[in-house]
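For this chain, numbers begin at 1 and follow the sequence in order. In this text, all values refer to a predicted model and were calculated from it rather than measured experimentally.
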Amino acid sequence: QVTVVESGGDVVPAGGSLRLGCTTSGLIGDSVDMAWFRQAPGQEREGVGVLFARTSGQRVVYGEAVKGRFTISRGNAKNTLSLEMTNLKSEDTAKYYCVAFFVGGLWTRPSAWQHWGQGTQVTVSS
């Protein structure tokens with residue numbers, strides 16, 4: 001059984017920074033594609049960024065809304081991920097989800113990911 005667990009959500013002031021973490025268990029393989037999504041109330045889930053793990057070298061892609069402000073990196077432990085968020089804005093307020101195992105298609109589509117965590121809330125106060 002695969003589990004995905006996010007951590008680090010908090011209330012932060014606009015312009016502040018926050019780091020989210022994601023740990024997994026039960027995944028087969030030492031290096032699995034992983035990503036972050038977010039969902040604000042009344043809105044669809046949005047792809048924040050993805051880390052594709054390849055033998056030729058990992059590749060990270062970010063959603064347009066967070067480019068230049070957010071950084072995704074793999075942790076030292078197997079199949080862990082972090083999301084470093086800087087210059088936070090009120091529109092970044094959302095529940096953030098870590099996902100694992102890319103099944104194909106567009107990475108920004110929720111249906112492209114097999115395993116989801118329960119999410120962690122990030123609230124940016126203005």
Side-chain angles (χ1 to χ4, degrees):
Q1 183 178 355
V2 174
T3 60
V4 180
V5 180
E6 304 93 340
S7 62
D10 205 345
V11 178
V12 293
S17 300
L18 191 66
R19 183 182 182 93
L20 304 182
C22 174
T23 59
T24 67
S25 64
L27 287 170
I28 297 174
D30 293 334
S31 193
V32 174
D33 297 339
M34 298 179 69
W36 289 96
F37 278 74
R38 66 184 182 184
Q39 186 170 24
Q43 297 187 21
E44 295 184 353
R45 289 190 180 183
E46 174 190 21
V48 174
V50 58
L51 188 151
F52 290 111
R54 297 291 180 268
T55 54
S56 58
Q58 67 183 33
R59 183 169 73 100
V60 180
V61 180
Y62 297 97
E64 287 297 323
V66 306
K67 273 184 183 178
R69 300 188 298 122
F70 290 13
T71 302
I72 290 175
S73 59
R74 188 172 291 278
N76 292 328
K78 174 183 170 181
N79 293 324
T80 59
L81 200 69
S82 66
L83 177 65
E84 187 77 35
M85 303 183 290
T86 63
N87 190 22
L88 283 161
K89 306 174 182 180
S90 57
E91 52 263 41
D92 294 318
T93 295
K95 196 165 190 179
Y96 283 72
Y97 296 88
C98 179
V99 299
F101 200 87
F102 180 59
V103 300
L106 294 175
W107 74 266
T108 53
R109 290 184 177 169
S111 60
W113 298 91
Q114 185 168 2
H115 304 294
W116 289 73
Q118 294 299 306
T120 186
Q121 180 66 38
V122 174
T123 302
V124 182
S125 60
S126 55

Side-chain atoms of residues 100-118: list all donor-acceptor pairs with protein atoms under 3.5 Å, sequence neighbours left out, distances to 0.1 Å.
{"from": "Trp113", "atom 1": "NE1", "to": "Trp107", "atom 2": "O", "distance (Å)": "2.8"}
{"from": "Trp116", "atom 1": "NE1", "to": "Trp113", "atom 2": "O", "distance (Å)": "3.4"}

* Structure fact -> So the disulfide bond (SG atoms under 2.5 Å apart) pairs with at least one residue in residues 28-77 (sequence neighbours excluded) are none
* Report the distance from atom OG of Ser126 to atom NZ of Lys89, rounding to the nearest 0.5 Å. => 13.5 Å
* **Joint hydrophobic cluster, Tyr96 plus Val124, side-chain heavy atoms closer than 4.5 Å** => yes
* Asked: Counting N and O atoms only, with roles assigned by atom type, does the side chain of Asn79 sit under 3.5 Å from a partner on the main chain of Val32, one being a donor and the other an acceptor?
  -> yes
* Structure fact -> Residues joined to Val5 in its hydrophobic cluster, side chain to side chain under 4.5 Å directly or through other members, sorted by chain and number, are none
* **Closest non-hydrogen atom pair, Leu88 against Arg69** => CA-NH1, 3.9 Å
* Asked: Would you say Val61 and Met34 are hydrophobically clustered, going by side-chain heavy atoms of ILVMFWY under 4.5 Å?
  -> no
* Asked: Same cluster or not: are Val122 and Tyr62 linked, directly or through other Ile, Leu, Val, Met, Phe, Trp or Tyr residues, by side-chain heavy atoms under 4.5 angstrom apart?
  -> yes
* To do: Find out if a path of hydrophobic residues (ILVMFWY) with successive side-chain heavy-atom gaps under 4.5 Å connects Leu83 to Val99.
  => no
* To do: Scan for salt bridge (charged side-chain N to carboxylate O under 4.0 Å, His left out) pairs involving residues 45-63, sequence neighbours excluded, and state none if there are none.
  => Asp33-Arg54, Arg38-Glu46
* **Residue pairs fulfilling disulfide bond (SG atoms under 2.5 Å apart) with at least one residue in residues 24-89, sequence neighbours excluded** => none
* Is a donor on one side and an acceptor on the other found under 3.5 Å between the side chain of Thr3 and the backbone of Thr24? -> no
* Given the rule that I, L, V, M, F, W and Y join up when any side-chain heavy atoms are under 4.5 Å apart, are Trp36 and Leu51 in one cluster? -> yes
Donor-acceptor list for residues 10-23 side chains, cut-off 3.5 Å, not counting sequence neighbours:
{"from": "Arg19", "atom 1": "NH1", "to": "Glu84", "atom 2": "OE1", "distance (Å)": "2.6"}
{"from": "Arg19", "atom 1": "NH2", "to": "Ser82", "atom 2": "OG", "distance (Å)": "3.2"}

* What distance separates Thr80 OG1 from Arg74 CZ, expressed to the nearest 0.5 Å? -> 7.5 Å
* **Any Val50 side-chain heavy atom under 4.5 Å of Ile72 side chain** => no
* To do: Search all heavy atoms of Val48 against all heavy atoms of Phe37 and return the closest pair with its distance.
  => CG2-C, 3.8 Å
